[in-house]
Amino acid sequence: MPSHPTVVRLDCKAQSYDWGNIGSRSSVARFASSSPGFTVDESRPYAELWMGTHPNAPSTLYQSEKSLESFLKADPQLLTPYFHEKYNGHLPFLFKVLSIGKALSIQAHPDKSLAEKLFKDRPDLYKDDNHKPEMAIALTDFEALCGFKPLDEISAALDRWPEFWALVGDQAAREFQEAVKRSQAIEGIKGIKEGRQALKALFKTMMTAEPAKVKLELDRLVARLESAGQQQYSAGSLEELLLRVHSQFPGDVGLFCFFFLNYIVLQPGQAVFLAANEPHAYLSGDCVECMAASDNVIRAGLTPKFKDVEVLTEMLTYQSKAGSDQLLSGVLCTPTGHSLMYDPPIDEFSIILTTLDHAKEKERLRGAEGPSVVIVTKGQGVIRTENRATSESEDEVVEVVAEEGNVFFVGANTPFSIEASSDEGVTIYTAFSVKPDKKDHFHH
C-alpha cells in the first residue's frame with residue numbers, strides 16, 4: 001500500500017465572477033498569490049478560491065500538475081476506506097473563500113431528492129445530483145439576506161411600502177395579512193402550515209409579477225427614496241440597501257426580496273448555516289464557506305443568469321424566523337481555548353477555527369478520522385505532523401511553514417499542531433469530515 005506524507009500543500013484555483021472584489025482588494029487574490037505562478041490582475045474581480053476536488057476548479061499538489069483527486073485515489077487511507085468508497089475518491093466537501101464586492105443572486109440549493117430530479121430532467125442547467133447545504137464563517141463584517149422574516153414583519157412591510165403592496169396587488173396583500181392573523185390564532189402545527197401557505201402564495205405572486213410592473217414599482221420606489229436624499233439613510237438600513245443593490249442590479253425583481261428575507265450582519269468569527277431549500281443572498285464581505293461537493297444553484301433574482309422561478313418557489317420550505325436564529329456559534333473544542341468548532345447539522349463537514357494571537361503560541365488538533373483541508377487566513381506559523389506508520393519505516397514528523405493564503409490537505413487520522421511564528425500570530429480554518437457517529441469525539 002503506498003503511503004504519502006499526510007500533509008501536502010495545494011495550489012487552488014481562483015474564480016473570477018463579476019460580483020467579486022477587484023484585484024488585490026480581494027482576499028481571494030491575496031490568498032491565491034501565495035502560490036508562485038499566480039499574478040494578480042488589478043482589473044479583474046476575484047470572487048472565490050476553491051479548495052477541493054470539484055471538477056469545475058480542482059486543486060493540484062503544490063507546484064505540480066498532479067491533481068489532489070489523483071493523489072487521493074492512489075491511497076484510500078488518505079480519505080479512509082469509508083469516505084473513499086462513499087465519495088468515489090473525492091473529498092466529501094468543497095471548501096471556499098469568498099470575497100464579495102456586490103450582491104450575489106438570491107438563491108437556494110436543492111435537497112438530495114430535488115437535486116436528483118433536476119439533474120435528470122435538466123442536466124444542461126443542473127450539473128450534478130447532490131444536495132448543497134452550506135455554512136459561511138465571516139472573515140470581515142459580512143452582510144447577507146437569509147431565510148424568511150417573521151410573518152408579522154412581512155405584513156408590516158406591506159403597509160409601510162406602497163410599492164410592495166402595489167406590486168403584489170390589493171387582493172394578494174389583503175389575503176396574506178388576513179391569513180397571518182388567522183395563523184397566529186391557531187395553535188400548533190396547523191397554524192404554522194397556514195402561515196407557510198400564505199407566505200408561499202405572496203412570495204410566488206411577487207416573483208412571477210409582470211416584468212413591466214416590477215420595473216414600474218421599482219422605479220417609483222427608487223425615485224421616492226432618492227428624492228428624500230440618500231445622505232439620511234444609515235448603512236444597513238433597508239433604504240440604503242435597496243438603493244445600493246438597485247445600483248448593482250437595476251430593475252431586478254430580487255430587490256423586493258428585501259421585504260421578505262432577514263438582513264443579517266455577521267461579525268468576524270460568526271457563522272450562518274444554510275440548509276437545503278432556504279433562500280439566501282450574500283451582499284458584501286469576505287468569508288470562508290464550506291458545502292457538500294455540489295455546484296447546484298437555483299436562482300431567482302439579483303442575477304443576469306437563468307432564473308428558475310418556478311422551481312425555486314416550489315422548493316422553498318417557507319419557514320419564517322428571526323435572522324438571529326440562523327446564526328451558528330463556534331464551540332470551544334480544545335483545552336487551550338484557541339479553537340472553536342462549527343458543527344452544522346449535516347454529515348459532510350465541520351470547521352475548526354484556530355486563532356493564535358502571539359508568536360510561539362501553539363495548538364494541537366487531534367486529527368479527524370477523515371480528510372481535512374486547512375487554509376491560513378492571517379499571519380504565519382509552522383504545522384507539524386506525524387506520518388502514518390508503515391511497516392518499513394517509523395513515523396516521521398513532517399514540518400511545513402504555513403503563511404497567509406497557503407492551503408494544505410491533511411490525511412485522515414493525522415494529528416497535527418500549529419505554532420505561530422510571526423508577531424501577529426496565525427489564524428487557520430480547518431474543514432474536515434468524520435463519520436456521523438464520530439462527531440462527538442471532537443467535543444471536550
Side-chain angles (χ1 to χ4, degrees), residues 5 7-17 20-54 57-64 66-68 71 91 93-101 136-140 142 268-269 285-290 339 351-357 359 361 363 365 371-385 398-410 416-432:
V7 170
V8 291
R9 192 169 156 196
L10 303 177
D11 285 332
C12 300
K13 294 191 171 57
Q15 302 275 52
S16 290
Y17 309 136
N21 278 311
I22 309 289
S24 48
R25 287 212 304 273
S26 168
S27 59
V28 168
R30 291 199 306 277
F31 294 165
S33 64
S34 75
S35 281
F38 181 89
T39 315
V40 180
D41 174 347
E42 291 300 346
S43 64
R44 248 180 111 94
Y46 294 97
E48 297 188 349
L49 186 71
W50 284 30
M51 302 170 273
T53 55
H54 195 288
S59 300
T60 50
L61 302 195
Y62 178 62
Q63 292 201 290
S64 155
K66 185 170 188 166
S67 70
L68 173 59
F71 177 70
L91 277 180
F93 57 82
L94 177 59
F95 198 23
K96 296 181 179 183
V97 175
L98 274 59
S99 186
I100 299 162
I137 307 176
L139 294 171
T140 63
F142 188 80
D286 292 7
C287 71
V288 294
E289 184 182 61
C290 200
S339 292
I351 294 179
I352 293 176
L353 160 58
T354 303
T355 311
L356 303 175
D357 292 325
E361 271 191 336
E363 176 70 294
L365 297 173
S372 302
V373 174
V374 177
I375 181 166
V376 184
T377 58
K378 185 182 163 197
Q380 186 176 354
V382 176
I383 290 175
R384 289 188 189 87
T385 176
V398 175
E399 192 171 289
V400 290
V401 174
E403 300 179 329
E404 180 180 290
N406 292 176
V407 180
F408 301 91
F409 169 80
V410 181
F416 67 94
S417 64
I418 173 88
E419 181 176 341
S421 55
S422 63
D423 290 341
E424 63 169 342
V426 67
T427 302
I428 64 169
Y429 285 83
T430 304
F432 65 94

message = Using the side-chain hydrogen bond (donor to acceptor under 3.5 Å, both in side chains) criterion, which residues pair with Arg44? Sequence neighbours excluded.
response = Ser16
inquiry  = Once rounded to the nearest 0.5 Å, what's the spacing between atom CG of Asp423 and atom CG of Asp357?
reply    = 12.5 Å
ask   = Which residues satisfy the side-chain hydrogen bond (donor to acceptor under 3.5 Å, both in side chains) test with Glu363, sequence neighbours excluded?
value = Thr334, Thr336, Ser339
ask   = Just wondering, do Leu356 and Thr427 contact through their side chains at under 4.5 Å, heavy atoms?
value = no
message = In the structure I gave you, are the side-chain heavy atoms of Val400 and Asn406 within less than 4.5 Å of one another anywhere?
response = no
remark   = On a heavy-atom basis, the closest approach of Cys287 and Ala138 is CB-CA, 4.2 Å
key: Phe142 side chain reached by Ile100 side chain, heavy atoms, under 4.5 Å   = yes
ask   = Looking at side-chain heavy atoms only, is the closest gap between Phe416 and Val374 below 4.5 Å?
value = yes
request  = Could I get the full list of side-chain hydrogen bond (donor to acceptor under 3.5 Å, both in side chains) partners for Glu424, not counting sequence neighbours?
outcome  = none
inquiry  = So Gln380 and Val401, do their side chains get closer than 4.5 Å, heavy atoms only?
reply    = yes
query = Could you give the distance from OG1 (Thr354) to CD1 (Ile418), rounded to the nearest 0.5 Å?
reply = 8.0 Å
request  = Specify the closest pair of heavy atoms between Tyr46 and Ala14, including all atoms of both residues, with the distance to one decimal.
outcome  = CD2-CB, 4.1 Å
task = Give the intermediate values and the outcome of side chain to side chain contact (heavy atoms under 4.5 Å, CB included) for residues Phe409 and Leu91.
result = CA-CA 10 Å; Phe409 169 80; Leu91 277 180; 4.0 Å; yes
CZ-CD distance between Phe93 and Glu289, expressed to the nearest 0.5 angstrom = 13.5 Å
inquiry  = Minimum heavy-atom separation for Cys12 and Ser59, please, with both atom names.
reply    = SG-OG, 3.5 Å
request  = Measure the shortest side-chain to side-chain distance between Val97 and Met51 over non-hydrogen atoms and say whether it is less than 4.5 angstrom.
outcome  = yes
key: Residues which pass salt bridge (charged side-chain N to carboxylate O under 4.0 Å, His left out) with Glu419, listed by chain and number, not counting sequence neighbours   = Arg384
query = What heavy-atom pair brings Leu49 and Ala32 nearest, and what distance separates the two atoms?
reply = CD1-CB, 4.0 Å
note = Minimal heavy-atom distance between Ala431 and Cys290, with the atoms involved, is CB-SG, 4.0 Å
query = side chain to side chain contact (heavy atoms under 4.5 Å, CB included) with Asp286: which residues, sequence neighbours excluded?
reply = Asn21, Ser27, Ser99, Leu139, Thr140
remark   = Residues at least two apart in sequence or cross-chain that pass side-chain hydrogen bond (donor to acceptor under 3.5 Å, both in side chains) with Arg9, listed by chain then number, are Tyr62
key: Rounded distance [0.5 Å steps], CZ in Phe71 versus CG in Leu10   = 9.0 Å
Flag side-chain contact, heavy atom, 4.5 Å: Thr377 against Phe31 = yes
query = Are any of the side-chain heavy atoms of Ile351 and Phe95 separated by less than 4.5 Å?
reply = yes
key: Nearest atoms (heavy-atom pairs only) where Ser372 meets Phe432   = OG-CB, 3.3 Å
key: CG on Leu61 to CG on Asp11, rounded to 0.5 Å   = 8.5 Å
